[in-house]
Amino acid sequence: MSSRYRVEYHLKSHRKDGFIDWIKGLLASPFVLHAVSHDGDDNDELTTTQRVRSQYAEIFKDIEALIADKIAFDVRNNQYRQYEDATNDEAAIPLGQPRLDLLVPTIGTFFTELPLEKAFLWEDSRRAISTRRMVAPSFNDIRRVLNSAQIFHFIKQRNLNSSEQLRMCTFDGDVTLYEDGGSIVNTNPVIPLMLTLLRSKICIGIVTAAGYDEATTYEKRLNGLITAVHESDLPYHLKRNLTVMGGESNYLFRYYEDGEKFGFEAIDKEEWLLPRMCTWSQSDLDDVLDFAEKTLHRLKKRLNLPEEAEIIRKARAVGIVPGHKIDPESGKLVKYQLDREQLEEVVLTLQNSLEGYRPAQRIQFSCFDGGSDVWCDIGGKDLGVRALQHYYDPSNPIKPSQTLHVGDQFAPVGSANDFKARLAGCTLWISSPKETVDYLRRLVDME
Ligand code: IMP
Ligand code: MG
């Protein structure tokens with residue numbers, strides 16, 4: 001039984017976020033032990049809610065302190081490593097691990113402190129989490145508290161006029177700015193918010209997996225946004241702070257105007273490629289994509305995927321998309337939906353096979369399940385975001401603590417592609433374009 005449990009846990013770990021799961025476990029105790037009151041007694045109900053609220057808040061306050069401790073620890077450990085590298089002094093003593101790393105081994109890096117207690121009380125005042133008696137604090141409750149805390153952090157930096165203010169906001173495309181496979185039409189409520197960011201001198205990068213080597217597709221899909229930028233009274237140098245990083249980290253385009261013409265212009269790779277990306281050899285890139293393509297063909301056969309499912313090879317990516325079939329009832333051509341399990345089996349096998357393939361170890365790649373398709377892209381959103389941090393200000397690159405990436409795909413590596421952006425900046429994990437708008441409103445309104 002225990003080994004079966006372990007196998008299942010292992011196989012599902014790609015869907016779990018270790019930190020959120022751990023917080024959920026901590027909040028379960030006060031929920032189980034204290035979120036009970038006697039029916040019909042309003043006073044008792046109120047006392048119970050207050051008790052549960054203060055216990056949840058206390059837990060978030062403790063986690064806030066653990067994060068602050070981890071940040072301080074990581075800074076000291078980095079200094080130690082630099083000292084060790086510089087002096088070759090092996091007698092120097094490392095500091096061990098932060099307590100949070102011991103409690104949550106999969107934890108990543110925090111670039112800023114997070115006011116979690118305040119964020120919890122804010123979310124609770126709107127969503128009445130502590131009044132619930134049957135439904136414990138959920139994954140989504142915690143995801144929202146973490147997002148709110150990140151927003152509060154940036155609002156505070158701005159109010160303090162600190163040097164750690166937000167300088168760049170990057171956005172995923174599908175599901176974050178528009179529905180899956182959609183585009184930004186001129187009524188999209190995200191447009192005025194993005195204009196406000198630009199006006200506040202915050203650079204914007206749309207960092208999407210959708211990879212095309214020419215601007216037209218992006219101009220079509222982002223038409224509502226670029227038209228609004230064109231028609232706005234923003235000074236041109238601020239309009240230029242709008243870019244698209246396509247194919248994760250493969251193609252960079254920047255907004256331009258030329259008379260009545262406007263849109264995106266391609267930027268030469270020499271101007272923005274990170275040094276480590278310049279070391280990748282073309283033959284390794286081709287070998288990796290060939291290998292991934294073969295693996296997809298093999299999986300299509302093994303999993304008995306429908307003939308309609310199409311394998312698409314691009315210069316910097318290869319993917320399997322569902323294709324279309326005739327609906328027997330309506331007689332119309334409809335999109336063929338692959339099952340969730342099929343998509344997961346494909347993405348995990350692809351990732352796993354590539355990890356053991358030598359040329360893939362010499363470059364970087366990202367495999368992810370886009371909800372209806374699976375892709376293997378060269379590069380990753382961490383590189384896309386980092387390249388923009390340097391491109392916008394080469395002499396004083398934007399720091400991860402001054403960067404916010406908004407995306408919907410943060411499940412652990414191997415099945416989601418926004419996950420890697422966590423290596424390069426702070427993040428907001430949203431679940432719909434509406435949530436993106438809600439958070440941005442709070443960020444720009446400075447509530
Ligand atoms: P994102 O959410 O903006 O990162 O876009 C992800 C979606 O872009 C995928 O689910 C695909 O449907 C689509 N897409 C189009 N071209 C590519 C490509 O070259 N690589 C990966 N995804 C692509
Ligand atoms: Mg997305």
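Note that the structure is a prediction, hence the values are computed from the model and not measured. Indexing begins at 1, ligand by ligand and atom by atom, following the structure's order.
Using a 4.0 Å heavy-atom cutoff, Asp172 is listed among the residues neighbouring ligand 1.
Annotation: Tyr178 places no N or O atom under 3.5 Å from an N or O atom of ligand 1; distance criterion only. Considering both main-chain and side-chain atoms, Ala209 comes within under 3.5 Å of ligand 1 through a nitrogen or oxygen pair. Any N or O atom pair closer than 3.5 Å counts here, and Asp373 shares at least one such pair with ligand 1. Between Phe368 and ligand 1, no pair of N/O atoms sits closer than 3.5 Å. For ligand 1, the polar-atom distance check against Asp377 finds a nitrogen or oxygen pair separated by under 3.5 Å.
A distance-only check finds no donor-acceptor pair linking the side chain of Tyr336 to the backbone of Pro306 [under 3.5 Å]. A donor-acceptor distance shorter than 3.5 angstrom exists from the side chain of Lys239 to the backbone of His230, with no hydrogens or angles considered. Formation of a donor-acceptor pair under 3.5 Å by the Thr436 side chain with backbone atoms of Thr176 is found in this model.
As for Asp408, its N/O/S atom nearest the Mg ion (ligand 2) is the one called OD1. Looking only at its N/O/S atoms, Asp174 has O as the one nearest to the Mg ion (ligand 2). When distances from the Mg ion (ligand 2) to the N, O or S atoms of Asp172 are compared, OD2 comes out shortest.
Residue-level proximity to ligand 1 for Asn417 is carried by the side chain, the only part with a heavy atom below 4.0 angstrom. For Lys381, every heavy-atom contact with ligand 1 shorter than 4.0 Å involves the side chain, none the backbone.
Here the protein heavy atom with the shortest distance to atom 14 (N) of ligand 1 is Ala210 CA, 3.7 Å. Here the heavy atom of the protein found nearest to atom 17 (C) of ligand 1 is Lys314 NZ, 3.4 Å.
Counting heavy atoms only, Asp174 comes closest to atom 5 (O) of ligand 1 of the residues Val175, Asp174, Val321.
The Ala317 neighbourhood of ligand 1 comprises atoms 19 (O), with distances under 4.0 Å to a heavy atom of that residue. Residue Gly370 approaches ligand 1 through these ligand atoms, each under 4.0 Å from one of its heavy atoms: 10 (O). Remark: ligand 1 atoms within the under-4.0 Å shell around heavy atoms of Thr208 are 1 (P), 3 (O), 4 (O), 5 (O).
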Checklist line | Steps toward side chain to side chain contact (heavy atoms under 4.5 Å, CB included) verdict (Lys156, Phe152) | finding: CA-CA 6 Å; Lys156 182 174 164 195; Phe152 280 131; over 6 Å; no
Next item on the list: Could you go through the side chain to side chain contact (heavy atoms under 4.5 Å, CB included) check for Gln364 and Arg276 one step at a time?
Entry: CA-CA 10 Å; Gln364 286 190 43; Arg276 79 186 84 162; 3.9 Å; yes
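At a cut-off of 2.8 Å, Asp180 is not counted among the residues with an N, O or S atom near the Mg ion (ligand 2).
In this structure, the ring of Tyr357 has its center less than 6.0 angstrom from the ring center of Phe291.
Counting only N and O atoms by type, the side chains of Ser138 and Asp141 include a donor and acceptor under 3.5 Å apart.
Under 4.0 Å is where a charged nitrogen must lie from a carboxylate oxygen, and between Glu435 and Arg143 at least one such pair does.
Aromatic ring orientation, Trp429 versus Phe139: perpendicular (interplanar angle above 60°, classes split at 30° and 60°). In this structure, Phe19 and Trp22 have parallel ring planes: the angle between them is below the 30° cut-off, well short of the 60° mark.
With Tyr212 as the aromatic partner, Lys314 meets the cation-pi criteria of under 6.0 angstrom to the ring centre and within 45 degrees of the ring axis.
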